[in-house]
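For reference, the structure is listed below as structure tokens.
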Amino acid sequence: MGAALTPADQTRALLRWLALRLVGVVFVLWAVSTITFFAVRLIPGDPAQAILGGPGSEASADALAAARAEYGLDQPLIVQYLAFLARLGVGNLGTSYALHQSVASVIGDTLFATLTLAAAALVVAVVIALGLATWSTRGGRVAAAIGSALEVVGAAVPHFWLAILAIVLFSTTLGWLPPVSVPGPAGLILPALVLAIPLAGFLGQVMREGLLDSLSSPYALTARAHGEGEGGVFWRHALKAAAIPAIGLTGWAFGSLISGAVVVETIFARPGLGRSLLAAVQGRDVPLVVGIVIVVALVYMLVTTVTDLAERIIDPRVGQRVGGRSEGGRRGGGRRRARSTDARYSPREVTP
Amino acid sequence: MIAAPLLSPEANGATGETRPPGARPDRRKGFDAPEGRRASGRRQALPVNVVIALVVLVFLLVAALWPDLIAPGDPLAIHPLDAFQPPSAQHLFGTDESGRDIYTRVIHGTAASLLIGVCATAIGIGLGLVFGLLAGLGPRWVDFGTTRLLEVMFAFPGLLLALLFIVIYGPGVVTSTLAVGLSTAPGYARLIRSQTLQVRDAPYLEASLVLGRSSFYRLTRHLLPNVAGTLFVIATLGIGQSIVWASALSYLGLGAVPPSPEWGAMLSAGRTYVTSFWWMTFFPGLFIVLSAGATTLLGRGLQQRKRSS
Amino acid sequence: MSASGEAAEAASLLEAAPLIEAAPLLQVRDLTVRFGRGMPVVDGISFDIAAGETFGLVGESGSGKSVTSRALLGLAGPGSRVHASRLSLAAHGTAGAAGATAAHGTAGRAGAGAAATAGGVLDLRQLSARVWRGVRGARIGYVPQAALVGLDPLRAVGRDIDDVLRLHTRLTPAQRRAEVIELLASAGVPEPELRAAQRPYELSGGLRQRALIAGAIALRPSLLIADEPTTALDATVQAGILSLLERLGEGGTAILLISHDLAVINRLARRVAVMRAGRIVELGATEQVLRDPQHAYTRQLVAAVPTDRPRGSRLAGAAAAPPLAVTAPVRPDGATAAPATAVTTSTRPARETAGPATAEPASEPASGAASPATPPPPVLEALHISKWFGDRAAVDDVSFALERGRTLGLVGESGSGKTTVARLALALTAPDAGEVRLLGEPWSTAPERLRRARRPRIGAIYQDALSSFDPRLTVGQILADAKSGGRASGGRASRGRASGGRASRSRTSLSRSSRAGIDELLDQVGLASSVAGQRPRFLSGGQQQRVAIARALAPGADVLICDEPVSSLDVSVQARILDLLDALQRDLGVAYLFITHDLGVARHMSDDLLVMHAGRIVESGPTEAVFTAARDPYTRRLLSAVL
């Protein structure tokens, strides 16, 4: 405290953190690839058989040998692993067993559609969550009740059931929207909505708690005593405070959106990464599964890196907090700080 | 102004330290908060949402243990002539493509579906406990290694780990349960680790050390019980989540296989008829929502109770 | 832009607001605030504040003083109902409001200024939300209670001050920026340009409070409400803030100063009102109220202040006497307090090693008479201990000796290393150099395995008693657990030669005497036996601290490390806890290492005193000698900061 950090120092610290973080991303990517590579070796049966159409196919011994040679399966495991890493290094994810097409191109064809869906759902979820949180912190009991109900919906309603309801309601009954995803924005509405609603429940809860905390905080009182109106307190102080935990959740939200996309794309017959993944899992198309897993892991890590960076820029304290083990801070006698006032401002209890 | 009897000894303790009305008994100095909050009494009426959750859970429990009590029919009996009947007085939830009564099937599927949720949660928390405690209590390098491992596991977001697991071991009830347990484990591990660290650094553990307690005593009498206290809430919340995830896998055809009356499997079977015969998927889905919602409500209620006390 | 437009509109509304005839600056009559259907938190209080006057409002937690201050700002909070037969603020006649307009002469001031010069009196009871916004910040400045958290942590410090200017004036952003820097400088913030751009957590507590004051005085309000402006701050920092407020008061700003600290009130306020349970029990000239309090509560409050109370005198009145009614007369001196336990250990290690900082216990004239012929070893002794964190020495070559039945005070400001000394004394952390000895035997150098059996001889109580209890346990369980850790407290009288009591005996004593023993322990610290079944979190702060004391004494401790044990308690509760500690020392011969930031408490409690600064002992000796003839410049500064 009191140590004057210049903005340049802070920027430098941020860049150092970012560099370390990117090294971490590379490490995790390597670990993910390695785990998946060795995990799929646990699959019982002959991969060559799988390449040639699964156990049911009656491929000749020659054909099997040819397939083994083609996919390098006759090499020792370590050689295969190194070759796998080498190919990975140049972005070559192998060839799909089922589609006989490069995995990279399959993913390239579908990744954009899924990312569009996920991004649209994220935006919708944030808008719903923010609206709900705002309304319920300022709108009294009814809004708070709806807010907490949606919270439970977020945790308890599976995507597929929501999708079924949406199809029955909007397509079958009302006929407003196509039950099967068509190209263009109209086809995006239902899938994005279905993906967004459960997420909005989670985000809404987090934002609501953040807003309530901030609105009842001592600095909000200071602002009011300065003559700031409720609207000013909300926009200038509370919103930022509420955004931080929500931003922190974005990485997790992305993961849940990708999982949801598997279901939603299947239901709405929307081409995308999720549907390809499901098909690959059902058909045990190992290279495609491995490829998609690695790409999703990569995107996930990039998303969390961006959100962590955003968090650090909004609140530089995030970087200064020593995560996990807190012995350093504790020895300094910080725990039983004399005359600490901080303890009084315990997080406000949120009751539905 | 009348001189009020000052600091008279109160019944609570002979010291006569009166607590300001409405203020919570925490360390505050010179701070008179305008809290008109109810005194933190120990016996409070249960909140409405917890009551609702308990009623639903009792119903589901009866359905799981004695399904014949509520639905005496045979869940597997086929009546091809009655196929695709909409909900009616005779078939409360309608019938499926083979004319089986969906109500009977849903009730009879309760046991299997709940069991999957409970088992998956148990697996997840079990693994989480091992890794979380290891990281929280082990030496620094173990914590470092475990944390890195968890980071890697987190890079398989959501269902990805479960799908990878199913690719390897093939679809089925057992694998999908294991898969859900496995993919929830990193989250539990992280939670338990942070709980452990928090309790480990708590002043009361140090106070116990000052009293001359051994590490073993502090671990078994203070640390583990306090970590376990939060686990119950986590587990309650987790069961709902596991049911939802397992049903999603079943719906995708990777979990329980159709003839058995498991909710996810019923959904999967009804998938093709969504637009024409909505009740085939609506009612099993409703039960998933009910069970997951009830456990979530209960978990939230417990959480709030813990926090407010 | 719309905001300042709105403010201007609000200002014009101000003129139309209901006006009452000219009067003192602030008039409060029968102010009542209640929340929901509960009892009133503020119950019909009345007072006036004249222009330029500093008025004190003193009381303990829950007395309703903060709610009063917020009610005066129209910010009593959600669910509150405020009534008053009169609540008015004169808009005119202060050097402040009118002067600001003249001095700055900017067009932007016109909004606030026009209202201020309109003359007449503003009825604060019937202002619309919009008019209130024009009043807050411009006419009434507010320095919030929570100096450390009163600024938005996500924004630069300057922005919070800038808000006031933005809301109430039409200054351009560039003008506002310059004004913010100027305000910070005038509030005594060094390097204002840098500080304005920093986040609050990069500033020390004192600077944060100065920044908050800068925001509150930005528009030269005629009334400044300062709610506990110095509460969380160190003594020397406190002194700086108080002189800043003093300067503002001299400059013509009326100040409503709210504090629990009589010394702060005494220094600044000309008149004072004493609040208790929502009512004003006494009001008058500060000097008179403090010197000759009329109301029983005020008398008690004044008596509870430990400063200048000689060692051994009771702080709490007879009415609040804990049932530890052994009615021992005022303790004559430290040495006679522990007559029975003088024979402790047969071994008597050399203790001539004590360094220059060693407090010399026998030097106090009163205690000379009873000084035993062969002094037993000190119960706790530190020999040149040092502890480093990175390249910073938290504790630097500290030596002291604590004799049986005596109290060694350790004072210092936050970060001075006091708590590290406590942790070293408790062998929770090992010194990097030097040695701690307990009862004449090696302590810091012994392995934990051997230390464990002797740990019952040394106990600790903390500032935050609650967090030192396992949340799952009841008071009875906590005490039973503590008792079984060492030996039964009943065996204290006979403990004599059994140095380093073995844990094996404790097992039997637990099963035999648990219930009765716990009642006895509770009785010893002045708690009813019914408390045993409760969980600590349902007890008051004072009761929690009593449980903590009982726990520390349960295994039969010879020495207690008291780390800020009364710092978060109200002054009257603090008085009773200090009395309790004193009585226990007399009865049991326990020695205390008493760590505190509060010099008054230290003076009251300690036989000998150590003053710590930046890890070093800068002053040591008999308490009165330190207070009357401090040699070290830091000590002198510290002492002068406490008035």
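Keep in mind the model is a prediction, meaning the values are calculated, not measured. The sequence lines fix the lettering, A, B, ..., with proteins before strands; numbering per chain opens at 1.
Looking at residues two or more places apart in sequence or on another chain, you find a side chain to side chain contact (heavy atoms under 4.5 Å, CB included) between B/Ser242 and B/Ala120, B/Thr121, B/Val180. Under the rule for a side chain to side chain contact (heavy atoms under 4.5 Å, CB included), the partners of B/Ser291 that lie at least two apart in sequence or sit in another chain are B/Leu60, B/Leu114, B/Ile243, B/Trp263.
Few gaps surround CZ on B/Arg218; more than 12 heavy atoms of other groups in view lie less than 6.0 Å from it.
Contacts between C/Arg551 and chain B at a heavy-atom distance below 4.5 Å involve backbone atoms as well as side-chain atoms. Heavy atoms of C/Leu473 lying under 4.5 Å from chain B belong exclusively to its side chain.
With respect to chain C, the highest number of heavy-atom pairs below 4.5 Å among B/Leu209, B/Asn226, B/Val199 belongs to B/Asn226.
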* **Derivation of the salt bridge (charged side-chain N to carboxylate O under 4.0 Å, His left out) call for C/Glu448 and C/Arg455** => CA-CA 9 Å; C/Glu448 177 63 29; C/Arg455 281 205 176 273; 2.9 Å; yes

